[in-house]
Chemist: 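Would you mind keeping the following structure in view while I ask a few things?
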Amino acid sequence: MAAEFAKVSGKVLEELKKIPTPAIANAIEAFEIRPRNVGFCDSRMHPVFADVGPIAGYATTLTVGADLPYKAAKSADRSGYWKHILSVPEPRIAVVRDMDDQPVGAFWGEVNANVHLSLGCIGTVTHGGVRDLEEVEELGFVYFATDVLVSHASIYMIDYGIPVNVCGLVVSPGDLLVCDIHGVINVPMEIAEKIPEMVKKQAEAERIVIDYCSSGSVTVEGLSSAWNRMEEARRALSKNKM
């Protein structure tokens, strides 16, 4: 079922998990395939657990809502959504957008975390609410979210398997996401395998300034020279695109 989605090798996925998302963002910029102000969640999205490790995986998508009287809440056969999850390659990251202006009900709690974990999801990126923090953290399911809430209220599913906007990042099913303490970034599949090497080369370029700053004899002229050499090295990387 997962054959329709592109994926990278397990080795590349593990390499991406080891790279801080700011370094991934810098590397993507060098390939000049998208504007610099898109491709990542804004500051509303954050890891909920203090000791969260980086995760990388492929997006499943869902929209939900809760700001309705319980008797008016929409019903949905969740089996279709669960089949959508299984159609995406593992490891999976469940991306959920709460369509209410202000989330009032949490889709995520101990039960849904267990359900999604059993379906190969390692965590969620949700523009909406989460709860049952202690139980879910102990389970090992990772929360990235905008809100922590007490109740599930009248939470209901709206649609799934569609592009969703979570904190400024438009995510489509199968998109490759990397999440860490800084936030969430989409890694374009066509350059994913080139990111680790680009990160390494960019770090070498940055060492020109960092090493000069650590030399103990910094002058404005010397700093300007080091900065210009770093920028020249960066431009060369962008031009060659490896």
Side-chain angles (χ1 to χ4, degrees), residues 2 5 7-8 10 12-22 24-25 39-64 78 81-82 84-98 103 105-149 152 155 157 160-161 163-187 189 192:
F5 293 104
K7 59 184 296 186
V8 299
V12 170
L13 207 60
E14 287 301 311
E15 289 178 336
L16 290 173
K17 282 171 57 177
K18 297 175 183 177
I19 303 172
T21 51
I24 292 176
F40 49 88
C41 288
D42 62 36
S43 60
R44 291 171 290 176
M45 184 66 67
H46 57 85
V48 175
F49 305 132
D51 194 25
V52 62
I55 61 172
Y58 304 96
T60 68
T61 63
L62 172 69
T63 55
V64 300
R78 297 198 174 204
Y81 169 57
W82 295 335
H84 158 63
I85 292 174
L86 294 176
S87 75
V88 173
E90 292 189 72
R92 304 171 178 119
I93 298 175
V95 179
V96 179
R97 171 62 192 262
D98 191 318
F107 176 80
W108 290 103
E110 183 180 13
V111 174
N112 255 331
N114 272 278
V115 168
H116 283 74
L117 193 63
S118 75
L119 295 175
C121 294
I122 54 179
T124 183
V125 172
T126 180
H127 190 144
V130 297
R131 63 176 188 161
D132 296 339
L133 303 189
E134 293 178 349
E135 295 88 345
V136 173
E137 184 174 22
E138 183 177 352
L139 183 64
F141 191 80
V142 179
Y143 276 168
F144 283 81
T146 58
D147 298 85
V148 175
L149 299 172
H152 56 205
I155 199 75
M157 300 196 318
Y160 55 82
V164 296
N165 188 316
V166 286
C167 298
L169 173 63
V170 177
V171 180
S172 295
D175 280 357
L176 177 56
L177 304 180
V178 179
C179 319
D180 67 7
I181 58 174
H182 301 92
V184 178
I185 190 167
N186 174 300
V187 179
M189 203 71 68

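Both backbone and side-chain heavy atoms feed into the values below; hydrogens, waters and symmetry mates do not.
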Chemist: Could you go through Thr61 and Ser172, starting from their C-alpha distance and side-chain angles, then the distance that decides it, and tell me whether this counts as side chain to side chain contact (heavy atoms under 4.5 Å, CB included)?
Modeler: CA-CA 7 Å; Thr61 63; Ser172 295; 6.0 Å; no
Chemist: Begin from the C-alpha positions of Met189 and Val8 and carry the test side chain to side chain contact (heavy atoms under 4.5 Å, CB included) through to its verdict.
Modeler: CA-CA 7 Å; Met189 203 71 68; Val8 299; 3.8 Å; yes
Chemist: Any idea which heavy atoms bring Gly174 and Phe5 closest together, and the distance?
Modeler: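 Smallest heavy-atom distance, with atoms named: CA-CD2, 3.7 Å.
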Chemist: Using a 3.5 Å distance criterion without hydrogens, assess whether the side chain of Asp147 forms a donor-acceptor pair with backbone atoms of Leu149.
Modeler: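 Not at all, since once roles are kept as given, no pair shorter than 3.5 Å links the two residues.
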Chemist: Going by the rule side-chain hydrogen bond (donor to acceptor under 3.5 Å, both in side chains), which residues pair with Thr124 if we only count those two or more places apart in sequence or in a different chain?
Modeler: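 Residues passing side-chain hydrogen bond (donor to acceptor under 3.5 Å, both in side chains) with Thr124: Trp108.
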Chemist: Can you name the nearest heavy-atom pair linking Gly120 to Glu90, along with the distance?
Modeler: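 In this case the closest contact between Gly120 and Glu90 is CA-OE1, 3.5 Å.
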Chemist: How are the rings of Tyr160 and Tyr81 set relative to one another: parallel (under 30°), tilted (30 to 60°) or perpendicular (over 60°)?
Modeler: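 Taking Tyr81 first and then Tyr160, their aromatic rings sit tilted (interplane angle of 30° to 60°).
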Chemist: Among Cys179, Cys41, Cys167, which one satisfies side chain to side chain contact (heavy atoms under 4.5 Å, CB included) with Phe144?
Modeler: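 Result for side chain to side chain contact (heavy atoms under 4.5 Å, CB included) with Phe144: Cys179.
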Chemist: Can you confirm whether Val125 sits close enough to Leu169 that some side-chain heavy atom of one is under 4.5 Å from a side-chain heavy atom of the other?
Modeler: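 Val125 does not reach Leu169 side chain to side chain.
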Chemist: Can you check whether Val95 reaches Val184 side chain to side chain, under 4.5 Å on heavy atoms?
Modeler: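 When only atoms from C-beta onward are counted, Val184 and Val95 do not touch, as no gap falls below 4.5 Å.
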Chemist: Is a side-chain N or O of Asn112 found less than 3.5 angstrom from the main chain of Phe107, in a donor-acceptor match?
Modeler: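 Yes, Asn112 side chain to Phe107 backbone: donor-acceptor pair under 3.5 Å.
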Chemist: Using the test side-chain hydrogen bond (donor to acceptor under 3.5 Å, both in side chains), find all partners of Thr21 that sit at least two apart in sequence or belong to another chain.
Modeler: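 Partners of Thr21 under the side-chain hydrogen bond (donor to acceptor under 3.5 Å, both in side chains) test: Asp180.
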Chemist: Does the side chain of Glu110 reach to within under 4.5 Å of the side chain of Leu139, using non-hydrogen atoms?
Modeler: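 No, side chains not in contact.
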Chemist: Any salt bridge between Lys17 and Glu14, counting N to O under 4.0 Å?
Modeler: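 The answer is yes: the pair qualifies as a salt bridge.
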Chemist: Looking at residues at least two apart in the chain, or sitting in another chain, which of them share a side-chain hydrogen bond (donor to acceptor under 3.5 Å, both in side chains) with Asn114?
Modeler: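 Residues passing side-chain hydrogen bond (donor to acceptor under 3.5 Å, both in side chains) with Asn114: none at all.
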